[in-house]
Amino acid sequence: MARILITSALPYINGVKHLGNLAGSMLPADVYARAMRLLGHEVLYICATDEHGTPAELAAAEAGMEVSAYCDKMHDAQRAAGADFKMSYDYFGRSSTQSNHELTQHLAHMLEKNDLLEERVSEQVYSVADGRFLPDRYVEGTCPNCGEDGARGDQCDACGKLLDPADLIEPYSAVSGSKDVEIRETNHLYLKQSDMADRLRAWIDKAEGWPALAKSIAYKWLDEGLHDRAITRDMKWGIPVAYKGVPRPGFEDKVFYVWFDAPIEYIAATKDWAEENNGDWQSWWRTDKGADDVTYVEFMGKDNVAFHTLSFPTTLIGSGEPWKLVDRLKAFNWVTWYGGKFSTSQKRGVFMDQAIDLAPSDYWRWHLTANAPEGSDAGFTFEDFQARINSDLANVLGNFVNRITKYCVGKFDGKVPSGGTWGEAEDTLVAELATRLPKLIDYYETMEFRKAAAETRAIWATGNEYLTVAAPWTQYKTDIDQAAIGVRIGLNLVALFGVLAQPIVPDAADKILDAMNIPAENRTWNYFDKGDWEMRVKSILDALPHGLEISAPEVLFAKIEDANVEEWKKRFSGAG
RNA sequence: GGUGGGGUAGCUCAGUUGGUUAGAGCGCAGGACUCAUAAUCCUGAGGUCGAGAGUUCAAGUCUCUCUCCCACCA
């Protein structure tokens, strides 16, 4: 048994997340967490809302709310959406909590103590009308390169030219539209990442379990020379630049940069979890307090890789304290929406709260796992969604459960029958499962989610194949006893399929296992150390007590009709 | 512009260290079955593996050039 700490990249607070966000970190982390729990590992799955930064302030202003009230509301909305999708978080925290304030300030203090922080003065655009400094991308104006209006301070979308806000002709605030802007000097704390390059490289050299992409991104940044980064910002909403309640002189109106405090929330959320659940957070995060045997696995979108492989480790290593660092990470690409991008700001695509009204969470979990954006972007269309759900869930799994349980209820009084002689059909089935089950477990352990789903489906299909050969309905006409073995093994397959379905489609799995009257303690993947796979499979196929009463569950997966697809496409016509 | 990923059957994708007739699911065609959500099972037709050149006894799998898509970075 291992101890596995799992974090999902923190969903940003400015709205309920879309399916791409779900598929790119929270869902795979959840599937992985569930699988690892089933294998008997001690798992702690932490997630939280990322609440600081300018976009949160602006979203709150747009909603006509105080930032903190807005964050309260959106945190609750995201918590509810997560619950709807059956996220099995051990804790769903908030980056705005007191614990994160304290830990962020503590780590900044330690960095300073280790001579890794430095105050520097820079020039930034200040909007008099808004009464605030503007981040580069919130300054707009005419592009000095192509003359296009609406170029942002960091880049012109029209010609792609990278800009400095000071270069813009007739700059104005994107927040208010005011042209009353000026360049002002401001001082910030800079993290001297350049001084950390050697230590980071040594750590990355030793890292195993990172995808090639993650390593190459990290090395590239190192090779180009790490830039020192400002870790404070001129704004009000965020974690004050203070230590033990005393503001840093000259930083009274500044806060830490959102990207500095957000990953620290992984730890702070664990502290909050420990506080509320009588747990021990240090045994997960401090290698001097028992965390050295923890495997820490991070899930994120590709855009987050650099922050997780360099920025956050810089903070932790630079503190000089024995913090647990990431062991394995899994990065995802984007789910695209009819060829384009999902967009929170442009409201393009399907959002979690809408999706749950269209179809049960299991449907989304299955499709987004089987079609996970591993390796490259994955396109989402309602047509693909319909095809996959109807085929995999309704036809292969749902129909299998339905056909054999109904037959048992109809012909065998709803009880697991005894009798019958083991034959070739059973041998074939055992051989196939003995090959597929270890592969499935391996795919979960290596976090290959598409393959895990495909293997799960293939295992479900063996049930239908077996029934075709065993054909208890044919046997029944001449030899009821021989029909019994087909039914008995079929029912045991139902139980197995339910057990295996749990990580991806937990609701349906529960319905199946309830119908089979399987007690909770027998729903695990407790397959280890029980002889070779052939022996294990044989015991799995005769696990249900003979005579046990079972029932035929209601239709597990209603099909998605063409009319549904048409209606959804119309409703979400932002498509294309 | 730099870096990385991708371009494999109609569609979505697998293809370890180069090695027998390039695989899966969906879709399609034919057949079987009738317990079942008109579900299932079997069989089959579909690919000069983006283009070109090279290395090799042998390349989807290595090298180079070109091209298209995507992401990240500057």
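Here is the naming used below: chain letters follow the sequence lines, and residue numbers restart at 1 for every chain.
Nucleotide B:A58 has no partner under the Watson-Crick or G-U criteria, as no pair reaches both atom distances under 3.5 Å. Nucleotide B:U40 has B:A32 as its partner under the Watson-Crick or G-U criteria, with both atom distances under 3.5 Å. Both distances falling under 3.5 Å, in either a Watson-Crick or a G-U wobble arrangement, place B:G25 opposite B:C11. Under the Watson-Crick or G-U wobble criterion, with both distances below 3.5 Å, B:U63 is paired with B:A53. If you check B:U3 for Watson-Crick or wobble pairing at under 3.5 angstrom, you find it paired to B:A71.
Atom P of B:G19 sits at a distance of 25 Å from the matching atom of B:C13, rounded to the whole Å. Atom name C1', nucleotides B:A29 and B:U20: the rounded distance is 30 Å, in whole Å. For the C1' atom pair drawn from B:U17 and B:U61, the interatomic distance equals 10 Å after rounding to whole Å. When the C1' atom is used for both B:U12 and B:C73, the distance is 30 Å, rounded to whole Å. For the C1' atoms, the distance linking B:U40 with B:A58 amounts to 43 Å, nearest Å. When the P atom is used for both B:G10 and B:G46, the distance is 11 Å, rounded to whole Å. When the C1' atom is compared between B:G60 and B:G2, the two are found 28 Å apart, to the nearest whole Å. Straight-line distance between the P atoms of B:A24 and B:C42: roughly 12 Å, to the nearest whole Å.
Contact annotation: A:Lys451 does not reach the phosphate of B:A24 (side-chain N/O to OP1 or OP2, under 4.0 Å).
The residues A:Lys330 and A:Glu298 are annotated as not salt-bridged, no charged nitrogen and carboxylate oxygen being separated by less than 4.0 angstrom. Under 4.0 Å is where a charged nitrogen must lie from a carboxylate oxygen, and between A:Arg120 and A:Asp228 at least one such pair does. Between A:Asp30 and A:Lys86, none of the side-chain N atoms (NZ, or NE/NH1/NH2) sits under 4.0 Å from a carboxylate O, so this pair counts as no salt bridge.
A straight line from CZ of A:Arg388 to P of B:C26 spans 11 Å, rounded to a whole angstrom. Residue A:Lys406 contributes atom NZ, which lies 15 Å from atom P of B:U40 at whole-angstrom precision. For the pair A:Glu374 CD and B:C70 P, the interatomic distance rounds to 22 Å; values are reported in whole Å. Between the CZ atom of A:Phe400 and the P atom of B:C41 there is a distance of 11 Å, given to the nearest Å. Summarising the geometry, the separation between CG on A:Leu491 and P on B:C35 is reported as 17 Å, rounded to the nearest angstrom. If you measure from atom CG of A:Leu310 to atom P of B:A74, you get 12 Å, rounded to the nearest angstrom. The CH2 atom of A:Trp366 sits 20 Å away from the P atom of B:U12 (whole-angstrom rounding). A:Asp413 places its CG atom 19 Å from the P atom of B:C35, with the value rounded to the nearest Å.
When heavy atoms are screened at a 4.0 angstrom cut-off, A:Asn390 is found touching no nucleic acid atom at all. If you check every strand for non-hydrogen atoms under 4.0 Å, A:Leu556 touches a base.
Nearest to the side chain of A:Asn402, among B:C26, B:C41, B:U37, sits B:U37. Closest to the side chain of A:Asn395, from the set B:C13, B:A36, B:U40, is B:U40. Checking B:U34, B:C13, B:U37 against every side-chain atom of A:Lys559, the shortest atom distance belongs to B:U37. With distances taken from any side-chain atom of A:Thr468 to the nucleotides B:U12, B:A71, B:C41, the minimum falls on B:C41. Listed nucleotides: B:C41, B:C13, B:C26. Nearest to the side chain of A:Arg457: B:C26. Nearest to the side-chain atoms of A:Ala387 among the listed nucleotides B:C26, B:U37, B:A71 stands B:C26. For A:Phe557, the side-chain atoms get nearest to B:U37 when compared with the rest of B:U40, B:C26, B:U37. For A:Trp473, the listed nucleotide lying nearest its side chain is B:U34; candidates were B:U34, B:U40, B:C13.
The aromatic rings of A:His308 and A:Trp259 lie perpendicular to each other, with more than 60° between the two planes, well past the 30° mark. Ring pair A:Phe557/A:Tyr363 is tilted by interplanar angle, where 30° to 60° counts as tilted.
Applying the 90° criterion around 0 to the glycosidic angle, B:G46 comes out syn.
Between A:Leu397 and A:Asp392, the residue anchored closer to the 5' end of RNA chain B is A:Asp392, taking for each the nucleotide with the nearest heavy atom. Comparing A:Trp334 and A:Ser391 by the nucleotide of RNA chain B whose heavy atom lies nearest to each, the residue mapping closer to the 5' end is A:Ser391.
When each of A:Tyr443, A:Phe299, A:Tyr444 is checked for a ring pair (Phe, Tyr, Trp, His ring centres under 6.0 Å) with A:Tyr32, only A:Phe299 meets the rule.
With hydrogens and angles ignored, no donor-acceptor pair closer than 3.5 Å exists between the side chain of A:Asn399 and the base of B:A39.
Ring centroids of A:His52 and A:Phe256 are separated by 6.0 Å or more, keeping the two rings apart. A centroid separation of 6.0 Å or more is found between the aromatic rings of A:Phe307 and A:Phe312.
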